[in-house]
A.B. asks: 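Sending over a structure as structure tokens; questions will come in a sec.
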Amino acid sequence: MDREVLTLSGLRAKLAENPKFLYEYIEFIYDVIDAVEGKVKAFITLRSKDDVLREADRVVDKLIEGRAGRLAGALLAVKDNIVTKGLRTTCASKILSDFIPPYNATVVDRILREDAIIIGKTNMDEFAMGSTTENSAFFPTRNPWDLSRVPGGSSGGSAAAVSALEATAALGTDTGGSVRAPAAFTATVGLKPTYGLVSRYGLIAYASSMDQVGPIGRTVTDVSIILDVISGRDVKDATSTHSRGGYREATVEPFKVLHPKLRVAVIEELVVGGVEKPVKHSFLRTLRKLESNGIDVIWLNMPISRYSLPAYYIIAMAEASSNLARYDGIRYGLHESVEGRPWYEVYTNVRTRGFGKEVKHRILLGSFVLSAGYYDEYYLRASKVRKIVRDSLLAILREHDAVISPTMPVLPPKLGERIADPLKLYAIDINTVLANLAGVPAISIPSDIVNDLPVAVQLMGNEFDEVRLVALARVVEGIINLAPLVPPLVRRYV
Ligand code: GLN
């Protein structure tokens, strides 16, 4: 397949010329899926080619008549914690393994209204709790760049599908890094919007004060096109707010929205410490490239960032323990008859059978940090740290265009390497959780290939200023200028 059409924007241009090309494109995607999905295992539920071709007929007609939407013909993979009407949505949990939602999430309605076609529902860590997709109750997903390694998580299936050319782009969700981590490990672009920019209606809640839906694509422009579609006020989510729009446009002419003199901050604490040597060296090389292209790089400190990881995990687990109380075995999901039995016996049985180890672990810890004797010591203190993190980050962002760091401090780990020790696993979220605690937007873009594995940088921007963030990310993407990133596994298809 012609490399041009591997991106969403390339596909759009091609379909504008020749609407019937969509059939050829669908054949191509399913050929790739037939060849690699057995190894990558990105999808929990994959739609049949016949179903997709049937929807394509309608899209092709609209293209011919010139009334097709902004995502016409895009084959989008949707993370399995975003509800899709009539299409099984499991959250990668046994407790929801047969759940067929009666309604669509707002983001799903919005992509469908713009004529995207959903190709399937992607694998993830159960209830989005994890950073490697190994916590899925069904099977782990593998990294298309090296099948012995994890694709990152928790939106690992979405990122792996995009990376392995099994989808045009994807939706993921990000509570503490779950869009950016898998984007970094698979050489794709992942954007976590400002908290409130995208509706959470129909996103199965993990930690509601931090959860956001975000796009994963092959380029900064591609994720911006999707952000244009999914962002904006929704009456069904009281925390959602108006979107300025114009994200794609900002990537086409970035200097219309940026000052020519760009200043990016590096928070020293995010680069020293736990960052593996090859990642650190690569990051420093990237900084030099930016500097030689006229971008000012300013090093500074943010001492409170030391506490961001524990604060994040305390808050996320506390909220999860409350959000997950709804899985009672009665209303939906895994079910047992209550006939002649006390309710707590049913409740206990269903939850014991339905939840995986990590989910139980977090419900227990979350309930503990909220308990009467420990609330002040844990939850309240974590909330105070969160406030200071937010104030410090916003102060830095007032003076700089963005904060830049490695997205992940490590190269993609081998399967099994981190999962045994929760603290070792939580540690790799060190650079991503800041944006969720503060509510600001952040984007991960590929910056290098080291030892044949992807490395990425993260840019955090000011709240509700995604226009400038994507414009800057486009400039950085241009300076880094990597060749099109296709993993060896699928290179023979392009
Ligand atoms: N790894 C983090 C966690 O497990 C982030 C997960 C996410 O963003 N959904 O909480």
Side-chain angles (χ1 to χ4, degrees), residues 78-82 91-93 122-137 140-141 150-159 170-185 190-193 195 198 200 203-216 274 308-324 355-366 369 382 386 407-410 412-413 418-419 421-444 458 460:
V78 176
K79 189 177 181 180
D80 215 18
N81 59 348
I82 300 175
C91 240
S93 179
T122 53
N123 199 21
M124 53 184 279
D125 290 294
E126 184 176 2
F127 283 99
M129 297 176 184
S131 310
T132 61
T133 313
E134 291 167 289
N135 285 335
S136 165
T141 295
V150 301
S154 63
S155 316
S158 285
L171 295 182
T173 67
D174 191 313
T175 305
S178 282
V179 159
R180 290 159 286 154
F185 283 166
L191 170 68
K192 183 207 85 83
Y195 183 79
V198 176
R200 288 179 295 112
L203 156 60
I204 297 174
Y206 162 20
S208 312
S209 77
M210 296 183 283
D211 295 341
Q212 270 292 285
V213 176
I216 298 173
S308 55
L309 204 54
Y312 165 79
Y313 272 98
I314 288 168
I315 293 168
M317 290 182 194
E319 293 186 22
S321 72
S322 160
N323 273 326
L324 271 58
F355 288 139
K357 192 167 149 230
E358 181 65 18
V359 176
K360 286 176 186 154
H361 181 119
R362 294 194 188 199
I363 292 172
L364 288 173
L365 276 172
V369 300
R386 180 181 195 171
T407 307
M408 299 306 280
V410 297
R418 296 233 159 210
I419 198 78
D421 178 350
L423 290 183
K424 239 177 107 186
L425 185 64
Y426 300 166
I428 65 177
D429 297 338
I430 179 91
N431 289 356
T432 52
V433 298
L434 277 180
N436 305 80
L437 283 173
V440 302
I443 188 168
S444 176
Q458 166 181 256
M460 287 188 272

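All ligand and atom numbering here is 1-based and tracks the order in the structure.
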A.B. asks: Note the single closest protein heavy atom to atom 5 (C) of ligand 1, along with its residue, its atom name and the distance in Å.
C.D. replies: Y312 OH, 3.3 Å
A.B. asks: I want to check something: taking the side chain as every heavy atom from C-beta on, are M210 and Y312 in contact at a cut-off of under 4.5 Å?
C.D. replies: yes
A.B. asks: Checking contacts here: is it the side chain or the backbone of M317 that comes within 4.0 Å of ligand 1, counting heavy atoms only? Could be both or neither.
C.D. replies: neither
A.B. asks: So is there a nitrogen or oxygen of S131 less than 3.5 Å from a nitrogen or oxygen in ligand 1?
C.D. replies: yes
A.B. asks: Can you confirm, on distance only, whether ligand 1 has an N/O atom lying under 3.5 Å from any N/O atom belonging to G176?
C.D. replies: yes
A.B. asks: Just jot down the side chain to side chain donor-acceptor pair (under 3.5 Å) partners of K192, sequence neighbours excluded, or say none.
C.D. replies: none
A.B. asks: For Y313 and Y426, take the angle between the two ring planes, folded into 0 to 90°, and tell me which bin it lands in: parallel under 30, tilted 30 to 60, perpendicular over 60.
C.D. replies: parallel
A.B. asks: What protein heavy atom is closest to atom 9 (N) of ligand 1, reported as residue, atom name and distance in Å?
C.D. replies: S178 OG, 2.7 Å
A.B. asks: Is Y313 in contact with ligand 1, taking contact as a heavy-atom separation below 4.0 Å?
C.D. replies: yes
A.B. asks: Quick one, E319 with S208, criterion side-chain hydrogen bond (donor to acceptor under 3.5 Å, both in side chains). Give me CA distance, side-chain angles, the key distance, then yes/no.
C.D. replies: CA-CA 7 Å; E319 293 186 22; S208 312; 4.7 Å; no
A.B. asks: What closest approach, in Å, do M124 and S136 show between heavy atoms, and which atom pair accounts for it?
C.D. replies: O-CB, 3.1 Å
A.B. asks: What protein heavy atom is closest to atom 2 (C) of ligand 1, reported as residue, atom name and distance in Å?
C.D. replies: D429 OD2, 3.2 Å
A.B. asks: Step by step, would you call S444 with T407 a side-chain hydrogen bond (donor to acceptor under 3.5 Å, both in side chains)?
C.D. replies: CA-CA 6 Å; S444 176; T407 307; 2.9 Å; yes
A.B. asks: So is K192 close enough to ligand 1, meaning a heavy atom under 4.0 angstrom away?
C.D. replies: no
A.B. asks: For ligand 1, indicate whether the residue A316 contacts it via side chain, backbone, both or neither (heavy-atom separation under 4.0 Å).
C.D. replies: neither
A.B. asks: Please lay out, stage by stage, how S155 and K79 fare under the test side-chain hydrogen bond (donor to acceptor under 3.5 Å, both in side chains).
C.D. replies: CA-CA 6 Å; S155 316; K79 189 177 181 180; 3.0 Å; yes
A.B. asks: Look at atom NZ of K357 and say whether more than 12 heavy atoms of other residues, nucleotides or ligands are closer to it than 6.0 Å.
C.D. replies: no
A.B. asks: If you count the atoms of ligand 1 from 1 in the order shown, which ones are under 4.0 Å from a heavy atom of A128?
C.D. replies: 6 (C), 7 (C), 9 (N)
A.B. asks: Can an N or O of Y206 be found at a distance shorter than 3.5 Å from an N or O of ligand 1?
C.D. replies: yes
